[in-house]
Peer 1: 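So that we are looking at the same thing, I have put the structure below in structure tokens.
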Amino acid sequence: MSVFEISGHIAFALIAISYLVKDILWLRILSIIASAAGIVFNYVVPATPLWLVIYWNIGFILVHTFHITLILRERASVDFSEEEKELYQTVFQTFSPVEFMKLLRVSDWKIAQPTEPITVEGEEVPNVMLIYNGLVSVISGGKEVAQLKDGQFIGEMSFIRGGNASATCKALRETRYLSIPKTNLHKLLNRNPAMRTAVHAVLSTDLAKKLSPVQASQLTSE
Ligand SMILES: Nc1ncnc2c1ncn2[C@@H]1O[C@@H]2COP(=O)(O)O[C@H]2[C@H]1O
């Protein structure tokens, strides 16, 4: 088998490997190398070059190169503050840096003063919020049922289930939090379907941690 015939095998082998790769950048790089090997094979091995195949492969290379440029440009623009890095490492590790950056772009940093209500039981909750630093009381039916602190979400229940606030949440001391407007979050997830699983995983983990042992055992026995 000549070197040029081997290039045909390399082209198809790389296409097969690219199907296994999850990182889109690597998938595109492998596809470019596969197309280049395909061009060599189709130029040298047949009696006359197969221009139709060669032109299509050049087209594929151009498309992948264009997208690689966009990906690299996007990745280069990722620059987190210390606070954002901490949130990324503690809560959003399952996100890619670019996905986390997209989430931050549609979010706002806010501060609630002591006794300030963040949600009101039975009323609409326009944002999903993540406590960065502070303490929040969760009041249901006039009684405190829980306290929420750093790294915990507020408003995730109505986001997942729909409907209004299941409880009133009030800051017990000055509380700094990341607020993600739900309309922005829905639009972001529609534009980036791959992020949907990561967002739901983060919110479900938070929800599971909030379940009391009694509630959890009731759920598992259902
Ligand atoms: N038992 C609970 N333990 C912890 N947090 C709660 C509890 N009940 C309600 N919450 C929080 O209070 C929020 C009120 O708005 P949501 O129902 O959207 O989401 C709710 C949770 O974030």
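Only this structure's heavy atoms are used, side chains among them; waters, hydrogens and symmetry mates stay out. Atoms within a ligand are numbered from 1 in the order they appear, just like the ligands themselves.
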Peer 1: Going by the atom numbers of ligand 1, which of them fall below 4.0 Å from some non-hydrogen atom of L148?
Peer 2: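 Within the 4.0 Å cut-off of L148, ligand 1 contributes 4 (C), 5 (N).
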
Peer 1: Say whether T119, considering both its backbone and side-chain N or O atoms, lies within less than 3.5 Å of an N or O atom on ligand 1.
Peer 2: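 Between T119 and ligand 1, no N or O pair is found under 3.5 Å apart.
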
Peer 1: Does the gap between the ring centers of W109 and Y177 come in under 6.0 Å?
Peer 2: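 They do not qualify: ring centres at least 6.0 Å apart.
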
Peer 1: Determine whether a donor-acceptor pair (N or O, by modelled atom type, separation under 3.5 Å) exists between the side chain of S179 and the backbone of M129.
Peer 2: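 No, the answer is negative, given that no donor and acceptor are paired below the 3.5 Å cut-off.
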
Peer 1: Could you tell me the separation between the NZ atom of K149 and the CD1 atom of I131, rounded to the nearest 0.5 Å?
Peer 2: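 The NZ atom of K149 sits 9.5 Å away from the CD1 atom of I131.
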
Peer 1: Say whether, by atom type as modelled, one donor and one acceptor occur between the side chain of S31 and the main chain of I29 under 3.5 angstrom.
Peer 2: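 No.
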
Peer 1: Just which atoms of ligand 1 are under 4.0 Å from any heavy atom in I154?
Peer 2: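 In order of number, 22 (O).
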
Peer 1: Just jot down the ligand 1 atoms closer than 4.0 angstrom to any heavy atom of S166, in number order.
Peer 2: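 Contacts of ligand 1 toward S166, numbered from 1: 9 (C), 14 (C), 15 (O), 16 (P), 17 (O), 20 (C).
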
Peer 1: Say whether K182, considering both its backbone and side-chain N or O atoms, lies within less than 3.5 Å of an N or O atom on ligand 1.
Peer 2: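 No; every N/O pair is 3.5 Å or more apart.
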
Peer 1: What atoms of ligand 1 come closer than 4.0 angstrom to any heavy atom of A167?
Peer 2: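 That gives atoms 9 (C), 14 (C) of ligand 1.
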
Peer 1: Below 4.0 angstrom from a heavy atom of S158, which ligand 1 atoms are there? Numbered from 1 as shown, please.
Peer 2: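 Selected atoms, number and element: 16 (P), 17 (O), 18 (O).
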
Peer 1: May I ask you to list the atoms of ligand 1 that are less than 4.0 angstrom from any heavy atom of A146?
Peer 2: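 Listed by number with element: 3 (N), 4 (C).
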
Peer 1: Would a single hydrophobic cluster contain both I33 and I6, if residues Ile, Leu, Val, Met, Phe, Trp and Tyr are joined by side-chain heavy-atom contacts under 4.5 Å?
Peer 2: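 As far as the 4.5 Å side-chain criterion goes, I33 and I6 are connected within one cluster.
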
Peer 1: Looking at non-hydrogen atoms alone, which of G155, A165, C169 comes nearest to atom 19 (O) of ligand 1?
Peer 2: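 Nearest option to atom 19 (O) of ligand 1, by heavy atoms: G155.
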
Peer 1: By number and element, which atoms of ligand 1 are closer than 4.0 Å to a non-hydrogen atom of F153?
Peer 2: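 With F153 as reference, the close atoms of ligand 1 come out as 22 (O).
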
Peer 1: Parallel, tilted or perpendicular: which one describes the rings of F92 and F153, with boundaries at 30° and 60°?
Peer 2: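 F92 vs F153 ring planes: perpendicular.
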
Peer 1: Under 4.5 Å between side-chain heavy atoms, hopping through other hydrophobics if needed: is there a path connecting V63 to L27?
Peer 2: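 Hydrophobic grouping puts V63 apart from L27.
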
